[in-house]
There are 4 protein chains.
Amino acid sequence: MDEKNIKRNEMLDSARFLFKENGFHKTKMEDIALRAGVGKGTLYEYFRSKQEIFDEACVEYVKSIHNYVKEISELDVSFKDKLVSLFKGNQNGLEEEFEKNPVDYIMSYKNIISEKFVKTLFEYVSDMNKIIINIVEQGKEEGIVIKEIPSDIIACSIVGTMGEYFKLKMQKKDYALKDDDIIFNLLYNGFSVKKEI
Amino acid sequence: MDEKNIKRNEMLDSARFLFKENGFHKTKMEDIALRAGVGKGTLYEYFRSKQEIFDEACVEYVKSIHNYVKEISELDVSFKDKLVSLFKGNQNGLEEEFEKNPVDYIMSYKNIISEKFVKTLFEYVSDMNKIIINIVEQGKEEGIVIKEIPSDIIACSIVGTMGEYFKLKMQKKDYALKDDDIIFNLLYNGFSVKKEI
Amino acid sequence: MDEKNIKRNEMLDSARFLFKENGFHKTKMEDIALRAGVGKGTLYEYFRSKQEIFDEACVEYVKSIHNYVKEISELDVSFKDKLVSLFKGNQNGLEEEFEKNPVDYIMSYKNIISEKFVKTLFEYVSDMNKIIINIVEQGKEEGIVIKEIPSDIIACSIVGTMGEYFKLKMQKKDYALKDDDIIFNLLYNGFSVKKEI
Amino acid sequence: MDEKNIKRNEMLDSARFLFKENGFHKTKMEDIALRAGVGKGTLYEYFRSKQEIFDEACVEYVKSIHNYVKEISELDVSFKDKLVSLFKGNQNGLEEEFEKNPVDYIMSYKNIISEKFVKTLFEYVSDMNKIIINIVEQGKEEGIVIKEIPSDIIACSIVGTMGEYFKLKMQKKDYALKDDDIIFNLLYNGFSVKKEI
DNA sequence: TATGAATGAGCATTCATTCAT
DNA sequence: AATGAATGAATGCTCATTCAT
């Protein structure tokens, strides 16, 4: 039965790769089967339809990000360390997964993912938001984050900046590690010139 | 000739609406024609193919954002006012346009948009990035933005935060105008508690 | 009213040229109109349909061959001269018309020409056969053609040889006028070596 | 693999029948499939397109005539016997095949057959001409055919007469076997009255 | 259980024809 | 009378899915 699951995952991996590479409609069941090294009919022994494969692949994707964020949030470390960990995401083999914000990911597939899965996925995303907000609130408790700013807005800033920064990093050839420090400093202190007395 | 262009735009609008609503593959030429109030054949008098309609609609979309940003950048106002204007985008009927970052938009359609148009679109995006960076540099000249932080990283922060904030706003039922102030303050000063002497 | 007929013929000529060049299905009404220098709608002022244009063009073609043969048959000249005239057909601007035997022509279009016109055309062809047979019979009366051979079979030989000879001539670069004599001799005396006494 | 070829041929036969009966454009893929007793999609498992089916059917047709002629030419029999065999073609189930001269056949489809196949077909035809000319030259060697007449012109006469004679035979209800003798005599000795001494 | 040959619903596209100007 | 923009019926082809082996 475990062997069955291994095979299933191989198919799902083929599918994920091809969906990412060529999109849903340009990916044919035959391609998936070929890449997974099985017959076309076999796919239907493990999945009800192409749609189901796609749905599962999507859930898998969003789940992986969710788990990643959840794991970080549950570490017994400081707010700052959690923030750093979140930003390192793309250095752990998850790069390609993180190239797209989960919400944008879902939105771009909203006409392809089965309706009920869209709901599931948004639940994951909503949960992720809560987790991020929890991290922010840990920062407030630690006296690092200003209590007066609503946590959801701070989460916005963190997530948005993080996403754009990822994109920048990916295309930047002269990316330097110190850029990471700069981005943290930016989040902490903003970009305005501080008037010294 | 102008009349011809009006009709053309009506068709393009129908198409845009349906593509946005149902995606490329679920949108049939017949649907587009029906919604535009013309015959199926008429579409082919104005466009070579479904693909061409889609490409044009995409370009139109990215162009509209590009123009919006460009216009703001060319205003004879302060850095701060330009920033404010960028953030108001979604209050001018462009909301639905701005619901997605252009890069994510292009990426989500990268398997559908014709290759040559993907290139065109990325040129627009690249130009938009430059425009935003220019605005940041105006801020530096005005002595408002810290010169030591690379402008592209600041742009990241602005664009990313802006995007996420838009999403938050759209789903927030109790959105208050003061939230706008909060987000600006966040960008300017970050979220860290400032130690007073 | 005569002017009307001139225009009509211009359209028919365009059509004939294009049908011959590209075939029925690759010839669009728009092409015919364009070549005739009129609007697409105008074609429908003069003809009921594309089919009608095609039918008329075909009839015109077969009629032209029929008339050519008929005219020759009615000349007040000897059998031999009539035969020579028939063979000269392709030297009078009718070459391209004669490149195909009318029967083959009709057969190759039997699925395109309207049924009632196929009938008409075969009547023309049948009449042409009779005319050729009449010419052969004139030859018999003149004591030149052997009376014992059925005239229709002789007509076969003349028409078939003539057709193939035309094809040969068209592709032959070193065609010499004396070839014409050879072919006549062949028809008259066959190809067998004659045993002299 | 052989089974696959049998099926393929069944489809090709359906297609050939329908193309012959109704022409290329009036023959729908669905009709071909229906007649072959397979699904529409199956046709595309065996052929790339309707065009490919048509091309193959044409090649098959011209090939069959070519082979027929080639086989006769390679028999170890006299010139006369080869000629007789050629004229019997239509008594061996090839009738319907021979109803049209291959050149006329190709010409009538020149706008439908793929260009590269037209070339292939004309190569077959050209080869057939050479074969016929070889037969004529055998006749010369045997001392039966007059050496002074160019062989290609004699071939013209044979092929042309043969073609027309076939047509006549097909429509003749009172066709008699002795007609065959008459036609041979005609080819050998022509139609002119011979002056006896 | 695994397979891939067979299937046919579904859709983009073409082009003869119409009709308002 | 002449036009050409608008039309939609008609059809080739794709590919997810089935099922006999």
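Below, chains carry the letters A, B, ... as their sequence lines are ordered, and counting in each starts from 1.
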Requested in this report: Give a yes/no on whether any side-chain N or O of D/Lys40 is located under 4.0 angstrom from OP1 or OP2 of E/dT7.
Outcome: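 No, D/Lys40 has no side-chain N/O under 4.0 Å of OP1/OP2 on E/dT7.
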**Report entry** Strand-adjacent residues in residues 21-37 of chain C, judged by heavy atoms under 4.0 Å from DNA chain F
**Finding:**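 The answer is none.
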Report task. Extract, from 5' to 3' on DNA chain F, the first and final nucleotides lying under 4.0 angstrom from some heavy atom of chain B. Result ->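 Taking any atom under 4.0 Å from a heavy atom of chain B, the span is F/dA6 to F/dA10.
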Non-hydrogen side-chain atoms of [X] and [Y] separated by less than 4.5 Å:
{"X": "A/Tyr61", "Y": "A/Ile65", "answer": "yes"}
{"X": "C/Met11", "Y": "C/Leu43", "answer": "yes"}
{"X": "A/Val103", "Y": "A/Met107", "answer": "yes"}
{"X": "B/Ile53", "Y": "B/Met29", "answer": "yes"}

**Report entry** Residue whose nearest DNA chain F nucleotide is more 5′ - D/Lys50 or B/Gly41
**Finding:**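 The residue whose closest nucleotide sits nearer the 5' end is B/Gly41.
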Query raised in the report: Which sits closer to the 5' end of DNA chain F, D/Thr42 or C/Thr42, going by the nucleotide each is nearest to?
Result: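 So the residue in question is C/Thr42.
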Query - Contacts of type side chain to side chain donor-acceptor pair (under 3.5 Å), residue D/Arg35, not counting sequence neighbours - result: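 Expected list: none.
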Requested in this report: With sequence neighbours excluded, tell me which residues meet side chain to side chain donor-acceptor pair (under 3.5 Å) with B/Ser114.
Outcome: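 Expected list: B/Gln51, B/Asp55.
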**Report entry** Nearest heavy-atom neighbours spanning C/Cys58 and C/Tyr105
**Finding:**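 Between these two residues, the closest heavy atoms are SG-OH, 3.5 Å.
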Query raised in the report: Can you check whether B/Asn22's main-chain N or O pairs, donor with acceptor, with A/Lys110's side chain at less than 3.5 Å?
Result: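 Flag not set: sc A/Lys110 to bb B/Asn22 has no pair under 3.5 Å.
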Query raised in the report: For D/Lys4 and E/dG4, what is the distance between atoms NZ and P respectively, to the nearest whole Å?
Result: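 So the NZ-P distance, D/Lys4 to E/dG4, works out to 11 Å.
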Requested in this report: In whole angstrom, give the distance that lies between atom CG of A/Leu43 and atom P of E/dG4.
Outcome: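 Rounded to the whole Å, the gap is 11 Å.
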Query raised in the report: More than 12 foreign heavy atoms under 6.0 Å from CD of B/Glu123: is that the case here?
Result: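 Enclosed: over 12 neighbouring heavy atoms sit under 6.0 Å from CD of B/Glu123.
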Query - Comparing D/Met11 and A/Tyr46 on DNA chain E - which has the more 5′ nearest nucleotide - result: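 Closer to the 5' end of DNA chain E: A/Tyr46.
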Query raised in the report: Taking both distances under 3.5 Å as the test for a Watson-Crick or G-U pair, what stems of at least three pairs does DNA chain E have?
Result: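 Stem list for DNA chain E: E:2-21 with F:2-21.
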Query raised in the report: Can you list the residues that meet the ring-ring contact (aromatic ring centres under 6.0 Å, His included) rule with C/Phe24, with sequence neighbours excluded?
Result: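 C/Phe24 satisfies ring-ring contact (aromatic ring centres under 6.0 Å, His included) with C/Phe19, C/Phe54 only.
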Query raised in the report: What nucleic acid atoms does C/Gly39 come within less than 4.0 Å of, heavy atoms only: base, sugar-phosphate, or nothing?
Result: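 Sugar-phosphate, no base atom in range.
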**Report entry** Among D/Glu52, D/Glu60, D/Glu56, salt bridge (charged side-chain N to carboxylate O under 4.0 Å, His left out) partner for D/Arg8
**Finding:**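 Exactly one pass, corresponding to D/Glu56.
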